[in-house]
Each structure stands twice: as C-alpha cells, then as structure tokens.
Amino acid sequence: MAKLVAQNHPALHTISEEISPEEFSDGTVVKILKGMRKAIKEYSVDGFSAVAIAAPQIGVAKRMFLIEDQSGSPEERFPTIIAINPRLTKVSKKTHVVGEGCLSVPKLYGVVKRHTNVTLEALDERGQAFKRGAGGLLAQIIQHEYDHLDGTLFIDRAEDTWPVEKEQSKRAQKTLT
C-alpha cells in the first residue's frame, strides 16, 4: 500500500469513498497516511520531488490527500495539510491556465485551467474539522489532489500535454540563460 500505483489502476479512475468514523479509531487513517508519506518521500524522478499525494495514488480509493512538500528548504515549503473527506466550499470565478505534472502520470506534463483561489473544508488526521483558504500554486495543488478523489487525472482536464523530457529541456534552457 505504500507504492505508487500504475496510471491504469482502478483506484485512480473511480470516485473514492469517504473515511468513516470507525476508520479514524481503528487505525485505518494512520495506516493510509503512513503509506502516503512513504510514497511521497521516496518519489524522485529526474530531479523532480513530490509536493502532494492522494490516497488513490497508492491504490486506496478513500477521500484523503496529503500536501507535504519535499522540495526546497523547510522555510520555502508549503505547510503540511492532511485533508480527509475534503470539500471545496468556494472557488473563485477567476481562473488561469497553469502547468502541471503528476506522480501517477510520470511521463507527461501539461497545462490545466484551475481556479486561482479555493476554500477547503476537511477533517484532519484526528477527525477534527478545519477550513482553509488557498490561492495561487497551493490552490492549484488542492484542486489537483481533490480531482484524484473523484477519479480525475490532470490529463483528463489538460488543454495540452507533452513529454516530460521537453519540460526538462525547457527548464535546463532557462537555467543556462
């Protein structure tokens, strides 16, 4: 349960089930979270590190995602967010087209239209409700992970995709100039 599943895995293409109150008390939430943390920490492909992961990405069709930035220094990272049974209660009318990649689709990169701001309501790992607003890249990450819980991959929404090698080449060109 701690490894990323292949892009064609059924958990990535179905609507995930909510976490029940019993799953908080019987250790299920802890077990899923442990597996997600292991998978996100082990991910490193061609110099890319992970920022977030959803339970379906490790083959568990449950409504849970984790934002735990593995890039940069600790001061530069996004805050850790554990979102269980999340709901997007507000999304901005304003959208933008942004670049995305995905742990579950490692060979493609693309552009997706996302809301610039969102409000998330969810439960934390102890079952406590929380509400949080997000803008920019954090809003994009939340929407991307939320899509996983509804069986949607970024390539299902992408306006255009291309091989990751092209993205790496573009980034290398930027660092050279």
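For reference, positions follow the sequence shown, starting with 1. In this text, all values refer to a predicted model and were calculated from it rather than measured experimentally.
- Cluster membership for L149 and V60, using ILVMFWY side-chain heavy atoms within less than 4.5 angstrom, is not shared.
- At a threshold of 4.5 Å between non-hydrogen side-chain atoms, the residues I84 and V29 count as touching.
- The line from OG1 of T80 to CG of D69 is 8.5 Å long, rounded to the nearest 0.5 Å.
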Query - Residue pair E18, R63: steps toward the salt bridge (charged side-chain N to carboxylate O under 4.0 Å, His left out) verdict - result: CA-CA 5 Å; E18 287 207 348; R63 298 192 76 76; 5.1 Å; no

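- Separating the CH2 atom in W162 from the CG atom in L108 is a distance of 10.0 Å, to the nearest 0.5 Å.
- Cluster annotation: V105 and V164 are assigned to distinct hydrophobic clusters (Ile/Leu/Val/Met/Phe/Trp/Tyr, side-chain heavy-atom contacts under 4.5 Å, transitive).
- Minimum interatomic distance between I58 and V5 (heavy atoms only, all atoms of both residues): C-CG1, 3.7 Å.
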Query raised in the report: When you look at D147 and R114, which way does the side chain to side chain contact (heavy atoms under 4.5 Å, CB included) test go after all the steps?
Result: CA-CA 11 Å; D147 275 353; R114 297 284 186 195; 2.8 Å; yes

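- A single hydrophobic cluster is not seen to contain both F130 and L66; linkage of ILVMFWY side chains at heavy-atom distances under 4.5 Å, directly or through other members, places them apart.
- Of all the heavy atoms in M36 and M64, the pair that sits closest is CE-O, 4.0 Å.
- The closest side-chain heavy-atom distance from I155 to Q7 is below 4.5 Å.
- Contact record, E125 with I82: OE1-CD1, 3.3 Å, taken as the closest heavy-atom pair.
- For E68, the side chain to side chain donor-acceptor pair (under 3.5 Å) partners at least two apart in sequence or on another chain are R37, K41.
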Please tabulate, one pair per line, all N/O donor-acceptor pairs under 3.5 Å involving side-chain atoms of residues 133-140, not counting sequence neighbours.
| residue | atom | partner | partner atom | Å |
| --- | --- | --- | --- | --- |
| Q140 | NE2 | G99 | O | 2.9 |
| Q140 | NE2 | E100 | OE2 | 3.3 |

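- For the pair I53 and Y43, the minimum side-chain heavy-atom distance is 4.5 Å or more.
- Under the 4.5 Å side-chain heavy-atom criterion for grouping Ile, Leu, Val, Met, Phe, Trp and Tyr, V98 is not connected to L88 through any hydrophobic cluster.
- Atom CZ of R132 and atom CD1 of I67 lie 8.0 Å apart (nearest 0.5 Å).
- Listed here is the closest heavy atom pair of C102 and H144: SG-NE2, 3.6 Å.
- Between A83 and L120, the closest heavy-atom pair is CB-CD2, 4.2 Å.
- A distance-only check finds no donor-acceptor pair linking the side chain of N117 to the backbone of S92 [under 3.5 Å].
- Interatomic distance, F78 CZ to I142 CD1, rounded to the nearest 0.5 Å: 9.5 Å.
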Report task. Applying side chain to side chain contact (heavy atoms under 4.5 Å, CB included), run through T152 and Y146 and close with a yes or a no. Result -> CA-CA 9 Å; T152 303; Y146 190 85; over 6 Å; no

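- Under the 3.5 Å distance criterion, the side-chain polar atoms of S104 are left unmatched by any main-chain donor or acceptor of Q57.
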Report task. Using the side chain to side chain contact (heavy atoms under 4.5 Å, CB included) rule, take L153 and H13 through it: C-alpha gap first, then chi angles, then the decisive distance, then the call. Result -> CA-CA 8 Å; L153 297 174; H13 302 281; 3.7 Å; yes

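- Using modelled atom types, one finds a donor on one side chain and an acceptor on the other under 3.5 Å when comparing D26 with T28.
- Listed by chain and number, the residues in a side chain to side chain donor-acceptor pair (under 3.5 Å) with K38 are E42 (sequence neighbours excluded).
- Considering every non-hydrogen atom in both I15 and D150, the closest pair reads CG1-O, 3.9 Å.
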Query raised in the report: Does the side chain to side chain contact (heavy atoms under 4.5 Å, CB included) test come out yes or no for I40 and V51, once each step is laid out?
Result: CA-CA 8 Å; I40 199 172; V51 174; 6.0 Å; no

